[in-house]
> 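My questions will all concern the structure given below.
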Amino acid sequence: MLIITPRFILIIESKNISGTLTFDQKHNQLIREVNGKVDGFQDPISQVKHQEYQLKNWLNSKKLPDFAIETCVVITNANTIIKVTGEEKRNTPSIIKSSNIVFEIERLNEIHNHRKKQNKRQLSQLSNIILNLHTQPVLNILNEFNINVNDILSGVFCEGCNTLSMIRAGGKWKCTICAKTSKTAHLQTINDYYLLICTYMTNKQFRNFANLSSSTTSYKLLSSLTFETSGTTCDRKYHITLYQPK
């Protein structure tokens, strides 16, 4: 997370990890103990310091104003116990609970109170450049959680009864359980495919995932969404994007 203020930029590395966390500053590692089991994690302090290094270089490359950059590690699980071992290094990020983030920002404001404020134009310029360069992360969730693609349930989700029970009939979707109808239920199905499986799909892949029997119907639904395409008619790929509900 990135917070931009008139006097400094704050980079936040948030972690939702339960148990007792020990930040070992001598060996740059995070150790978690829960229910008698001990696990090691990548060091969030090293992560956020690397992000600080990257941001400084990026600001310089864009010839943007000289912002002070602060970092902190935020633990979002309220029940987590935090411990720190080893000698604290220079400019070590704060390690705080999420409930204290407001107080941390106030503390940093006091530290940087002597610095000249960046004006609204400079803040707007920086914000716009960052937003324009922002891209959605593409995560391979199936690999992350060791899930076989064949284990994913197919079908179109019904918001009325929370089941994958909608069928296409008469130009709309109708639930076979609660009889709820929708013209756009397939959009969430495409979102699910994008997030779980791949950022593109073929007509056949959409048919199988939405449980459609007609290739003509799936073609019309995909073509109506103005996705970018590649390939020939037979093996055309639709490069899907996330649908944002209005």
Side-chain angles (χ1 to χ4, degrees), residues 1-3 11-17 41-42 44 47 51 54-55 58 74 76 127-246:
M1 179 186 295
L2 200 67
I3 297 177
I11 305 174
I12 298 175
E13 179 65 33
S14 62
K15 299 294 181 184
N16 182 17
I17 306 176
F41 293 86
Q42 187 173 356
Q47 286 179 295
Q51 292 165 14
Q54 290 180 309
L55 181 58
W58 181 80
V74 176
T76 60
S127 299
N128 289 335
I129 291 175
I130 291 175
L131 289 174
N132 288 335
L133 292 174
H134 175 70
T135 57
Q136 290 285 351
V138 178
L139 304 177
N140 194 323
I141 294 177
L142 300 187
N143 285 347
E144 183 76 17
F145 295 98
N146 196 28
I147 299 172
N148 191 302
V149 66
N150 295 321
D151 293 331
I152 301 297
L153 298 177
S154 61
V156 175
F157 184 77
C158 173
E159 293 183 349
C161 60
N162 297 326
T163 60
L164 292 167
S165 54
M166 301 201 92
I167 60 173
R168 189 75 179 177
K172 60 185 176 182
W173 297 96
K174 183 176 181 178
C175 180
T176 58
I177 295 177
C178 70
K180 180 180 176 66
T181 61
S182 170
K183 290 186 177 182
T184 59
H186 59 286
L187 296 176
Q188 183 57 54
T189 304
I190 293 174
N191 277 358
D192 292 341
Y193 191 94
Y194 176 95
L195 293 169
L196 292 172
I197 299 176
C198 192
T199 58
Y200 65 83
M201 60 168 50
T202 63
N203 185 306
K204 182 178 180 180
Q205 288 168 333
F206 178 51
R207 285 203 321 273
N208 292 339
F209 197 66
N211 287 346
L212 286 167
S213 58
S214 169
S215 61
T216 301
T217 299
S218 59
Y219 170 76
K220 288 181 179 178
L221 290 172
L222 287 172
S223 298
S224 69
L225 297 174
T226 65
F227 292 139
E228 290 187 9
T229 62
S230 61
T232 60
T233 302
C234 295
D235 62 352
R236 179 173 294 161
K237 293 179 180 179
Y238 296 84
H239 298 271
I240 55 182
T241 55
L242 283 177
Y243 166 73
Q244 300 295 333
K246 296 180 180 179

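The shown structure was predicted, so the numbers you read here are calculated from the model rather than taken from an experiment. Just so it is clear, the values below take in all heavy atoms, side chains as well, and ignore hydrogens, waters and symmetry mates.
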> List for me each residue that meets side chain to side chain contact (heavy atoms under 4.5 Å, CB included) alongside Thr216, sequence neighbours excluded, and say none if there are none.
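For Thr216 the side chain to side chain contact (heavy atoms under 4.5 Å, CB included) partners, ignoring immediate neighbours, are Ser214, Lys220.
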> When you look at CD of Gln54, are more than 12 heavy atoms from neighbouring residues, nucleotides or ligands closer to it than 6.0 Å?
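Result for CD/Gln54: enclosed.
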> Are Asn203 and Ser215 close enough that a side-chain donor and a side-chain acceptor fall under 3.5 Å?
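No donor-acceptor contact under 3.5 Å links the two side chains.
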> Say you draw a straight line from SG of Cys158 to NZ of Lys180; how long is it, rounded to the nearest 0.5 Å?
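So the gap between those two atoms works out to 6.5 Å.
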> Closest approach of Leu196 and Leu142, non-hydrogen atoms and distance?
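Heavy-atom minimum between the residues: O-CG, 3.2 Å.
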> So, using side chain to side chain donor-acceptor pair (under 3.5 Å) as the criterion, who are the partners of Ser224 when residues are at least two apart?
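For Ser224 there are no side chain to side chain donor-acceptor pair (under 3.5 Å) partners, ignoring immediate neighbours.
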> Strictly by ring-ring contact (aromatic ring centres under 6.0 Å, His included), give each pair with a member in residues 203-235 just once, sequence neighbours left out.
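Every pair satisfying ring-ring contact (aromatic ring centres under 6.0 Å, His included) with a residue in residues 203-235: Tyr193-Phe209.
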> May I ask you to check whether Thr232 and Asp235 show a side-chain donor-acceptor distance below 3.5 Å?
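Looking only at side-chain atoms, Asp235 and Thr232 do form a donor-acceptor pair, the distance falling under 3.5 Å.
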> The criterion is side chain to side chain contact (heavy atoms under 4.5 Å, CB included); which residues satisfy it with Asn148, sequence neighbours excluded?
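Here the qualifying residues are Asn150, Asp151.
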> Using the test side chain to side chain donor-acceptor pair (under 3.5 Å), find all partners of Ser223 that sit at least two apart in sequence or belong to another chain.
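Scan of Ser223 (side chain to side chain donor-acceptor pair (under 3.5 Å), adjacent residues dropped) gives none.
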> Could you give the distance from CD1 (Ile130) to CG (Leu55), rounded to the nearest 0.5 Å?
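If we round to the nearest 0.5 Å, Ile130:CD1 and Leu55:CG are 6.5 Å apart.
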> Applying salt bridge (charged side-chain N to carboxylate O under 4.0 Å, His left out), can you list everything that pairs with Lys15, at least two apart in sequence or on another chain?
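Expected list: Glu13.
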> Knowing that exactly one of His186, Arg207, Met201 qualifies, which makes a side chain to side chain contact (heavy atoms under 4.5 Å, CB included) with Leu222?
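Exactly one option meets the side chain to side chain contact (heavy atoms under 4.5 Å, CB included) with Leu222, and it is Met201.
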> Say whether His239 and Thr199, considering side chains only, have a donor N or O and an acceptor N or O under 3.5 Å apart.
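No donor-acceptor contact under 3.5 Å links the two side chains.
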> State whether the side chain of Gln188 and the backbone N or O of Ala185 hold a donor-acceptor pair below 3.5 Å, judged by distance alone.
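Judged by distance alone, no pair lies under 3.5 Å.
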